[in-house]
Amino acid sequence: MDEDFRKAALDYHRLPRPGKLSVEATKRMATQRDLALAYSPGVAAACEAIVADPQCAYEMTARGNMVAVITNGTAVLGLGAIGALASKPVMEGKAVLFKKFAGIDSIDLEVEERDPQKFIDAVAVLEPSFGAINLEDIKAPECFVIEQTLRERMKIPVFHDDQHGTAIIVAAAVRNGLLLQGKSLAEVKIVTSGGGAAALACLDLLVAMGASRENITVTDIKGVVYVGRPELMDPYKDRYARDTAERTLEDALPGADVFLGLSAPRVLRPEWLPKLAPRPLVLALANPEPEILPEAVRAVRPDAIVATGRSDYPNQVNNVLCFPFIFRGALDAGATTINEAMKVAAVEAIARLARIEASEVVAAAYGGSAPVFGPDYIIPKPFDPRLILEIAPAVARAAMDSGVAMRPIADFATYKETLERFVYRSGDLMRPVIFAARKQPKRIAYSEGEDERVLRAVQTVLDDGLAEPVLVGRRAVIEAKVQAMGLRMDLSESVRVLDPSQDDAVFGPLVEVYRAKVARRGVPADSCERVVRTRPATATALLLETGQVDAALVGGQGEWMRQWHQAYDVIGKRDDVSRVYAMTGVILPAGTLFFVDTHLLVEPTAEQVAEMTLLAAEQVRAFGLHPKAALLSHSSFGASNAPSARKMREALALIKAQSPELEVDGEMHADAALVQAIREKAVSDSPLTEAANLLVLPNLDSANIAYNLVKAAADGLQIGPVLLGMRKPVHVLVPSVTARGIANLTAVATTQA
């Protein structure tokens with residue numbers, strides 16, 4: 001690393017506080033009663049329950065979600081035997097990854113003990129504290145003995161990630177690489193450079209998946225591992241000793257279909273590459289410099305597929321692809337071990353995910369150009385958010401099928417939904433809406449059918465059964481993008497494509513419909529056809545107006561207000577409302593807040609504030625939430641007679657008259673809306689309980705500022721805006737909308753339809 005990067009790394013670890021981990025309480029400790037419940041005397045009840053039934057520890061303590069990352073620092077991350085203390089930054093980093101990717105609490109334990117038996121004894125006695133043990137950076141061959149002995153002594157999973165994490169990712173890469181090269185695992189010849197823990201674990205797993213041990217040649221620093229070799233041998237290498245005259249890596253290479261390097265830089269020479277079989281798979285995984293650079297391979301063997309351990313080349317073999325999610329599945333199923341069946345399940349899940357189109361997050365990491373399954377994309381990227389949704393359930397199911405699950409998962413559909421909180425922060429909020437949409441999918445039109453975000457969203461919509469999509473756009477462009485993005489949608493069956501410039505039978509009659517609507521609004525008759533053919537929002541709204549679709553999503557590009565006017569000119573408002581309003585949700589760690597009106601009405605009257613509140617409350621109920629509305633102001637409960645304060649008081653009276661059952665109060669400060677104690681100090685008779693979730697602002701400025709401020713300050717996730725009061729379900733996408741946001745609004749529109 002260069003000096004600037006080194007300094008940045010040191011500052012990262014040092015500032016603003018040392019280290020990368022902290023401990024936070026999960027329960028409130030604000031009162032004397034809280035303290036009594038958390039510690040003495042209340043804690044005795046939990047202790048007695050665990051004495052009566054040890055399984056209660058998983059219900060009453062953090063054990064079931066707690067992993068220990070343990071090392072003795074004898075083989076650290078390419079740094080060697082640097083010792084337990086110096087390894088601590090690495091172990092803290094591993095613990096952070098557990099939390100970041102899978103929500104698993106983790107503690108790093110650095111044990112200054114190089115005697116394997118003493119190390120084993122030190123770890124084994126920790127079993128009551130943890131749900132699983134992640135062994136890390138322990139040198140071979142001691143690591144084999146340590147892991148095997150601990151697995152026998154402990155009734156919780158013990159997993160040496162350097163061995164098995166690497167093996168799982170390598171096996172997934174081999175699975176997909178051979179698929180692309182048209183070869184069978186049972187028949188290929190495999191040659192390794194490296195005979196350490198990782199290499200042998202890779203081979204063990206490949207054999208478990210069907211590779212032939214007779215087709216495997218292991219080489220290390222002393223050459224080929226052959227029967228009777230006297231140097232650097234141990235029982236673990238002996239399993240792969242061959243009766244052969246080959247003595248060097250070069251000797252072993254002829255006809256090799258797979259080269260697996262887990263050794264040292266530059267050990268595979270370019271001049272040896274012609275010896276490999278046609279269409280070889282080269283996994284050069286030494287870090288930071290691989291056994292051979294990918295460009296050197298391609299110069300000699302353009303038919304090869306290459307993987308490395310580096311992030312600056314395609315096909316990075318990175319353990320973070322699997323270990324958080326394997327532990328997630330194992331912990332959730334109460335597995336007593338992580339066995340071969342669970343590892344194979346993880347392999348197949350990872351390989352399968354790479355064959356599905358890349359997610360929006362992966363696309364963003366590639367600058368908007370998503371990778372497609374092929375020679376440069378045989379395994380997913382580490383930041384693909386869907387990894388947990390694929391791997392954890394597969395591992396949990398394998399634990400159950402193989403008989404090691406102490407707490408079997410009864411409903412995998414529900415379990416997968418619980419995992420979505422690690423992927424999509426909108427998951428909990430959207431779940432009831434998505435469930436309702438699946439029950440009766442509707443025809444939903446998208447005005448920007450050529451937008452890649454829309455296309456990704458539509459693939460999700462199809463996969464989740466939320467709607468029957470209709471894409472408005474140029475057919476040739478949409479077809480080309482679907483193919484380039486590797487999407488699985490069928491544009492001739494599951495998705496309808498309508499091109500305003502080509503499909504005269506559909507859009508020709510819509511010109512007359514539009515002309516009739518705008519004839520008295522100053523729109524020249526001779527411009528109507530041009531508008532319908534060139535303004536996607538107008539064309540899409542007309543599809544909705546004429547009943548050819550059941551709901552529509554327009555916008556996402558260009559000015560939001562212009563797109564809104566184009567849709568509103570066609571659809572209009574409901575007869576029973578005076579105006580249309582916009583409600584925006586912000587999902588926060590503590591829950592969701594809804595703000596109204598965030599986009600449309602600059603200075604509403606008291607009557608309009610009342611109306612928007614009732615419409616918003618109706619939509620909040622559609623999210624499966626009980627609306628708790630607070631009318632906000634600079635004034636709190638009559639403290640001011642300013643016009644805006646009087647307006648909010650008048651609105652409250654109107655709301656109570658029209659909907660006496662609604663939980664609402666005002667006018668009040670924002671802190672009083674969110675903190676019951678502040679509210680109770682001001683008034684003793686507020687009908688509003690706990691924190692409000694629907695915040696009604698006195699004007700557009702305050703509403704728009706408030707939701708944007710909260711979203712930015714608290715890293716909130718936006719939902720909407722959701723239009724309230726439209727005559728038919730249509731919503732206008734903001735330019736910053738994501739594919740997940742489009743899918744969420746699709747579900748909302750479907751339920752409204």
Side-chain angles (χ1 to χ4, degrees), residues 101 353 356-371 380-381 383-389 419-431 433-434 437 444-464 466-467 469 471 473 478 481-482 484-487 489 536-537 551-560 563 582-589 592-595 598-599 623 707-708 710-712 714-723 731-750:
F101 287 102
L353 183 58
I356 304 172
E357 72 281 349
S359 73
E360 181 181 30
V361 174
V362 174
Y366 276 84
S369 177
K381 300 298 288 184
F383 39 75
D384 193 317
R386 302 167 300 173
L387 285 162
I388 192 170
L389 300 180
L419 294 175
E420 287 181 349
R421 71 186 186 276
F422 300 113
V423 180
Y424 308 116
R425 285 186 286 167
S426 59
D428 288 341
L429 175 68
M430 291 302 303
R431 189 166 295 123
V433 182
I434 290 173
I444 309 293
Y446 303 83
S447 70
E448 300 296 335
E450 299 173 15
D451 191 313
E452 290 190 4
R453 296 169 299 174
V454 169
L455 294 174
R456 291 189 192 285
V458 166
Q459 186 64 69
T460 299
V461 166
L462 291 170
D463 291 344
D464 291 350
L466 301 180
L471 295 173
I478 292 173
K481 287 193 173 183
V482 166
M485 294 165 66
L487 301 177
M489 66 181 72
L553 299 185
V554 304
Q557 296 185 3
E559 185 186 2
W560 187 91
Q563 306 274 3
M583 181 184 79
T584 302
V586 179
I587 299 176
L588 305 167
T592 303
L593 293 177
F594 297 95
F595 299 80
T598 55
H599 284 74
F623 284 110
Y707 101 80
N708 274 301
V710 169
K711 180 178 69 171
D715 190 27
L717 179 68
Q718 179 175 332
I719 297 291
V722 177
L723 296 180
H731 299 288
V732 183
L733 305 174
V734 294
S736 60
V737 71
T738 63
R740 173 51 55 173
I742 296 171
N744 287 339
L745 270 180
T746 298
V748 171
T750 296

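The chain is numbered in sequence order, starting from 1. Just so it is clear, the values below take in all heavy atoms, side chains as well, and ignore hydrogens, waters and symmetry mates.
Shortest non-hydrogen contact noted between P735 and G558 is CG-O, 3.5 Å. Residues A457 and A739 approach most closely at CB-O, 3.3 Å, considering heavy atoms. Nearest heavy atoms, L471 versus G449: CD2-CA, 3.9 Å. Taking each heavy atom of L723 and H731 in turn, the nearest pair found is N-ND1, 3.0 Å.
Using a distance-only test at 3.5 Å, with no hydrogens or angles considered, no donor-acceptor pair links the side chain of R453 to the main chain of R740. Of the possible donor and acceptor atoms, one in the side chain of Q718 sits under 3.5 Å from a partner among the backbone N and O of G720. Judged by distance alone, the side chain of W560 and the main-chain N or O of V732 form a donor-acceptor pair under 3.5 Å. Checked by atom type and distance alone, the side chain of E448 never pairs as donor or acceptor with a backbone atom of V454 at under 3.5 Å. Between the side chain of K481 and the backbone N or O of E450 there is at least one donor-acceptor pair closer than 3.5 Å. Proximity of a side-chain donor or acceptor of T592 to a complementary backbone N or O of L588 within less than 3.5 Å is not detected. Put simply, the side chain of S447 gets close to the backbone of G555: a donor and an acceptor are under 3.5 Å apart. In this structure, D464 contributes its side chain and L466 its backbone to no donor-acceptor pair below 3.5 Å.
Listed by chain and number, the residues in a side chain to side chain contact (heavy atoms under 4.5 Å, CB included) with T746 are I444, Y446, V461, A467, L553, I742, T750 (sequence neighbours excluded). Checked against ring-ring contact (aromatic ring centres under 6.0 Å, His included), F623 has the following partners two or more places apart in sequence or in another chain: F594.
Test D463, I478, V482 against M489 for side-chain contact (heavy atoms from CB on, under 4.5 Å) and you get one pass: V482.
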V734/H599 under side-chain contact (heavy atoms from CB on, under 4.5 Å): CA gap, chis, key distance, verdict: CA-CA 11 Å; V734 294; H599 284 74; 4.3 Å; yes
Full working for side-chain contact (heavy atoms from CB on, under 4.5 Å) between L387 and L353: CA-CA 8 Å; L387 285 162; L353 183 58; 3.5 Å; yes
Working for side-chain contact (heavy atoms from CB on, under 4.5 Å), residues F595 and V586: CA-CA 8 Å; F595 299 80; V586 179; 3.9 Å; yes
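For the pair Q557/D451, a side-chain contact is recorded, criterion being any heavy-atom separation below 4.5 Å from C-beta on.
Interatomic distance, R386 CZ to T460 OG1, rounded to the nearest 0.5 Å: 8.5 Å.
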